[in-house]
Amino acid sequence: MCLFRGTLFLFLVITVSGFEQSNGSEVSSGHHSGHRLRAHKAVRRHRAIHDGALRFEPEPYSKKLELNSSGKIHCKVAGGVAPSIQWYLNEEDPLPDGVTSSNGTLLVTEAARRHAGRYTCRAVDGNDTITAKINLDIVVSPRILEPSSGQQVNVVEGQTAVLNCLATGDPQPTTQWDRNRTLLLQQPGVSTEDSANASSARLLVLNNGSLIIRNVKDEDSDMYGCLAGSAAGLARNELVLLVHAEGTLPAQESSGVGGKAVVVSISVAAAYMILVLALMYYCRRRRLRSRQRGEKMELEMAEGREKLVEEGEEDKPKVANGSAVQNGRLLPHDRDSGADNSEVSGISRASKKSGQYDHLTVPRTLLTEQITLGRGEFGEVMLAKIDMCQVKKLKSKDDAELEPKMRQVLVKVLTTKDETQLSEFKRQLELFGRIRHENIVRLIGLCNEADPHYMLLEHTDWGDLKSFLIATRTAEETAEYLRRVGPAHPPPPPAAAAGAAPPPLAPQHRAVLAAHLAAAAGRLASKRLTHRDIAARNCVITSQLQLKLSLAALTRGPHSHEYCKRHDQVIPLRWLPSEAVLEGEYSTKSDVYMFAATVWEIYTKAELPFGKLNDNSVMERLKNGTLEWTVPDSMPDSLAALLKRCWSNSPADRPQFTEICEEMTTILQNMTSDDITGHTDENNA
Ligand SMILES: *[C@@H]1O[C@H](CO)[C@@H](O)[C@H](O)[C@H]1NC(C)=O
Ligand SMILES: *[C@@H]1O[C@H](CO)[C@@H](O)[C@H](O)[C@H]1NC(C)=O
Ligand SMILES: *[C@@H]1O[C@H](CO)[C@@H](O)[C@H](O)[C@H]1NC(C)=O
Ligand SMILES: *[C@@H]1O[C@H](CO)[C@@H](O)[C@H](O)[C@H]1NC(C)=O
Ligand SMILES: *[C@@H]1O[C@H](CO)[C@@H](O)[C@H](O)[C@H]1NC(C)=O
Ligand SMILES: *[C@@H]1O[C@H](CO)[C@@H](O)[C@H](O)[C@H]1NC(C)=O
Ligand SMILES: *[C@@H]1O[C@H](CO)[C@@H](O)[C@H](O)[C@H]1NC(C)=O
């Protein structure tokens, strides 16, 4: 099913690219320890001494500005003696009309399309120069041209109704139809233009967004919603379809539903029902399996392909052989690594043959339209498009000509020389390569025919969950957020233009998203894998409102304030339990804690955890065990109680994912029909 119709990325905030900083030279060493945290602590500590060096703080990042709006991009510099900061277009062209630079801030007064482009911030201090490049995008939030809000459409039984869902925006939004607040494509008997049924289907969604209802029947009378979404936001209008018996079409008096504001909400009833069933099935199977094998750490077959001896819940320290690393490259002889009990050797044992990654190879020439999102732990992180049919062809060695199927992929570039990071890269390859689950992104391939290597992960049409949550904040929620947290960590600006309020997330949506996450994390746990950076920024969401766990880990760029440098490792401090921060102990139990933190984000619409505290205060409270999560009122009590347990200081007190997912099933069941119907009633008025 080609549901991904468009090109959209919901990244409201953006991109850091190419930093050319005065570098603290990369030190690699043969000394290695098992955890991201511990590693290189001692070796690289000297970097902190260069406190006076010229540097960006924080690094400026790319931005999307609404057409005709004004905006600022800050470029703040620390260190040096008396640095002068200047912005340039491209490398060093003068700024275009309407864009000024003052005290390091790039100011756009009335954003026009010609302002879009690449800008460079350059700071000069004596002989020291540092530069940062960012992209400025000028966007237009989606606006629905057809149907108009509350429009009434009258048709006569037996005729064909054509309902257009037409939206403008830049980038061009993709659209979805829902009926009675359930996405149409999830309802039975609805076909898409591409399906085999198209010519005969009675209900057909066309690629241009129009909904065709052939041979209209009385029961087609209902409320239909047209939802448009793009990187710049979401918009939704509803129309009422009235079917009349032949000869009873009323006079053209009513073409609007009395101007009544339509409460906007996409129903999740269908998604939710499917999920409850899936969760129940999953829980039952898990329970059965753990009973059968007594929670032994035994091997699982992943797609009948890999046969890996799994590690225990806790990663054991690794020994490095310190030879197999070159810049941005996984050398073939990595497989000879002397490491033991490590992820590296896990991969190695999986494939004693040379070219252990060959089956993943995808030529990078297949990637198009790359844009940089920021930087992660290994190097740049980009979005690109890839023709999945070509990828499929590579894998099946099939020559059949197929229609191109362009999909978004997240590209993680491996430019680091650091061995710890290299093994982390491999760990992530394995994590996403081994697991097939509808709520976990898939590893699409690896571009390893040249340096630097690229890891390609599935991405979704609606982009990352964090931006999505922010986009669905209502004006009151945004105001409330600012009141509570203050401007210290301002959220990225809601991109929706005035008036085009995005649809709020219904309570069922939030619960379903939380349950999706539980299912994903539970699957990882069942494979004895740890994720280590579960957070809204690392999840993506589809236009079908399906959550998928990913791992963009943009440690620099739009999400950099969510990470914190500790002993030269960059960690998501506010999402981590104390044993992970202080001891570097990552386990499924730390994932449980992070799961709870992410569910908290879903309910707070992506608020920064402990937004009022600075990193040092969070650290202090973690150390003396006084960090307290407070849950928002909108959260069901049963879920709040579950999260509280997940946040227990002692890992042993935290529930297992099996229990969490059973609990989520119950929570969802308790939110059933009365909630959902309660919500729809107002439509029928
Ligand atoms: C940065 O690294 C390059 C090579 O990696 C080196 O030539 C240069 O001297 C370094 N600059 C600083 C300021 O350390
Ligand atoms: C932006 O401003 C121009 C001229 O002032 C106007 O023609 C255009 O419609 C505006 N666009 C939006 C999206 O507001
Ligand atoms: C730049 O900053 C200095 C001091 O911080 C201030 O005096 C000056 O007015 C600022 N310039 C502009 C254009 O804002
Ligand atoms: C800049 O470089 C010149 C020679 O290249 C040197 O004489 C001068 O001391 C340097 N100035 C600073 C501030 O480092
Ligand atoms: C989409 O295509 C159908 C059939 O070709 C047409 O009737 C309809 O008007 C189109 N919709 C839009 C929005 O152009
Ligand atoms: C064709 O339509 C029928 C019902 O309209 C549906 O059950 C069937 O799955 C559809 N087949 C395909 C290939 O879409
Ligand atoms: C709309 O949804 C409500 C609640 O789920 C249901 O009672 C009603 O029958 C639905 N209407 C139609 C026309 O399907």
Side-chain angles (χ1 to χ4, degrees), residues 2-8 12 63-71 96-99 107-117 136-156 158-179 183-185 190-216 220 224-241 243 255 403 471 475 493-502 543:
C2 255
L3 293 173
F4 297 70
R5 226 182 290 138
T7 65
L8 59 118
L12 303 173
K63 194 160 182 155
K64 286 191 166 115
L65 266 186
E66 183 76 19
L67 186 67
N68 294 353
S69 72
S70 62
D97 261 1
V99 181
L107 194 67
V108 184
T109 39
E110 196 178 339
R113 286 208 168 74
R114 65 192 163 83
H115 295 148
L136 178 66
D137 266 347
I138 308 298
V139 299
V140 179
S141 354
R143 199 158 57 81
I144 296 181
L145 304 175
E146 270 188 76
S148 58
S149 180
Q151 185 182 345
Q152 192 169 324
V153 177
N154 296 296
V155 285
V156 173
Q159 289 186 339
T160 295
V162 179
L163 307 178
N164 289 340
C165 174
L166 198 57
T168 60
D170 187 10
Q172 180 63 38
T174 56
T175 60
Q176 289 283 339
W177 276 104
D178 56 84
R179 174 183 172 173
L183 289 179
L184 256 191
L185 289 178
V190 181
S191 304
T192 59
E193 192 172 344
D194 304 324
S195 72
N197 269 356
S199 57
S200 62
R202 210 174 65 77
L203 291 149
L204 182 64
V205 178
L206 298 182
N207 292 340
N208 69 8
S210 294
L211 168 67
I212 309 266
I213 307 177
R214 298 192 177 108
N215 186 18
V216 172
D220 294 327
Y224 291 81
C226 156
L227 175 71
S230 80
L234 298 166
R236 183 169 179 277
N237 279 355
E238 285 182 335
L239 65 78
V240 176
L241 183 72
V243 179
S255 61
E403 285 281 300
S543 52

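Every value quoted in this text rests on a predicted model; they were computed, and no experiment measured them. Each ligand, and each atom within it, is numbered from 1 in the order the structure gives.
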request  = For C165 and T175, work out which heavy atoms get closest and say how close.
outcome  = SG-CB, 3.5 Å
Short N or O contacts of ligand 5 with protein, under 3.5 Å, listed by atom name?
from, atom 1, to, atom 2, distance (Å)
ligand 5, 2 (O), N208, ND2, 2.3
ligand 5, 11 (N), N164, OD1, 3.4
ligand 5, 11 (N), N208, ND2, 2.9
ligand 5, 11 (N), S210, OG, 2.8

key: Shortest non-hydrogen contact between C226 and E146, atoms and distance   = SG-O, 4.0 Å
task = May I ask you to check whether E110 has an N/O atom sitting below 3.5 Å from an N/O atom of ligand 2?
result = no
task = Determine, step by step, whether H115 and L65 satisfy the side chain to side chain contact (heavy atoms under 4.5 Å, CB included) criterion, reporting the C-alpha distance in whole Å, the side-chain angles of both residues, the deciding distance to 0.1 Å, and the verdict.
result = CA-CA 10 Å; H115 295 148; L65 266 186; over 6 Å; no
task = Calculate, to the nearest 0.5 Å, the distance between atoms CG and CG belonging to L67 and D170 respectively.
result = 8.0 Å
inquiry  = Checking T192 against D194 for the side chain to side chain donor-acceptor pair (under 3.5 Å) test, could you report, in this order, the C-alpha distance in whole Å, the side-chain angles of both residues, the deciding distance, and whether it holds?
reply    = CA-CA 5 Å; T192 59; D194 304 324; 4.9 Å; no
ask   = CZ of R179 to CG of L163: how many Å apart, nearest 0.5 Å?
value = 11.0 Å
